[in-house]
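As a basis for the values below, the full set of heavy atoms in this structure was taken, side chains included, without hydrogen atoms, waters or symmetry mates. Remember, it's 1-based here, ligands and their atoms both numbered in the order they're listed.
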Amino acid sequence: MPLTLVSGFSVADMDITTQTALVTGGNRGLGRYFVSELLNRGVAKVYATSRRPEPANDPRVVSLPLDVTDEQAVNDLARVAPDVTLLINNAGVATLSSFLGGDLADARQEMEVNYWGSLHTIRAFAPILTANGGGAILNVLSQSAFRAFGFADTYGAAKAAAWQLTNGVRLELAESGTQVTGLAMALVDTEMSAWAKEEGWPLADPAEIARAGLDGLEAGALEVCGDEITQQWRARLGESVEQLYPQAVPALRARA
Ligand SMILES: NC(=O)c1ccc[n+]([C@@H]2O[C@H](COP(=O)([O-])OP(=O)(O)OC[C@H]3O[C@@H](n4cnc5c(N)ncnc54)[C@H](OP(=O)(O)O)[C@@H]3O)[C@@H](O)[C@H]2O)c1
């Protein structure tokens, strides 16, 4: 799958071999692929966090417990990992809730993990990245950040908030020299999308998505689309709402 640098613009290249990375949710799903791809690329050290950490085989991996919704725990982690230069906000939750029909607790949990969790880690680690020379943040987003489906959109709202977080923090950290990159993609073959696999939807290989994210990061890209469908939708954002969501128009016209 080709790497897509959305902006067509990149800042300075990053050398992974000199990085100490922190991957939230690094024990399973896409996070596990980030960890293994970082190791393939010669990363110096990786903190891989999970709510249920497991010992790692590679001596460069430090497995640590973390629930990203627990702000105090995130701040405590920052104290035990002051050498981090690359923060990968990968932890995420999707509950398939809809705005009107879903359980509000699910919608809140999506915001807690996808948005607040990333904000917690960014606030805790931004000063560390700055002190360590700038470093980088990779936020794992989703095409749902800029696309509504009519179902599962409470997840999209949380990812849209995380997208805005990504763009805003990039500006706030520009003077520190911190590269802030967003990685968006459609369905990926992990536990999160097991429902889609059952329904026969096309799923991206998580190894390829992790590679695309790290390729973009290394190349200094500020936003990366991991697959073609996300790239296409991202490119359409200048279109009118009627063009983007034509399915809503006939019913509204009939009502008029
Ligand atoms: N799979 C897809 O189709 C897809 C598509 C677009 C974007 N994404 C995004 O890709 C990222 C990885 O998702 P995935 O596909 O690997 O999903 P997954 O298989 O369901 O794994 C979810 C990951 O998030 C972590 N996590 C969940 N709640 C957490 C919490 N409260 N605190 C800390 N970690 C937490 C889990 O860690 P533990 O359970 O080990 O603590 C696990 O590593 C997410 O940000 C997701 O939104 C996924």
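Without hydrogens or angle criteria, Ser176 side chain to Thr178 main chain gives no donor-acceptor distance under 3.5 Å. Checked by atom type and distance alone, the side chain of Asn27 never pairs as donor or acceptor with a backbone atom of Ala48 at under 3.5 Å. Counting only distance, with no hydrogens or angles, the side chain of Ser63 and the backbone of Pro53 share no donor-acceptor pair below 3.5 Å. Judged by distance alone, with hydrogens and angles left aside, the side-chain atoms of Asn114 form no donor-acceptor pair with the main-chain N or O of Tyr155 at under 3.5 Å.
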When you look at Glu112 and Thr69, which way does the side-chain hydrogen bond (donor to acceptor under 3.5 Å, both in side chains) test go after all the steps? CA-CA 6 Å; Glu112 285 297 329; Thr69 65; 5.5 Å; no
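Within 4.0 Å of ligand 1, protein heavy atoms come from Gly25, Arg28, Gly29, Leu30, Ser50, Arg51, Arg52, Leu66, Asp67, Val68, Thr69, Asn90, Ala91, Gly92, Val93, Val113, Asn114, Val140, Leu141, Ser142, Tyr155, Lys159, Met185, Ala186, Leu187, Val188, Thr190, Glu191, Met192, Ser193.
You'll find the ring centres of Trp163 and Phe146 inside the 6.0 Å limit.
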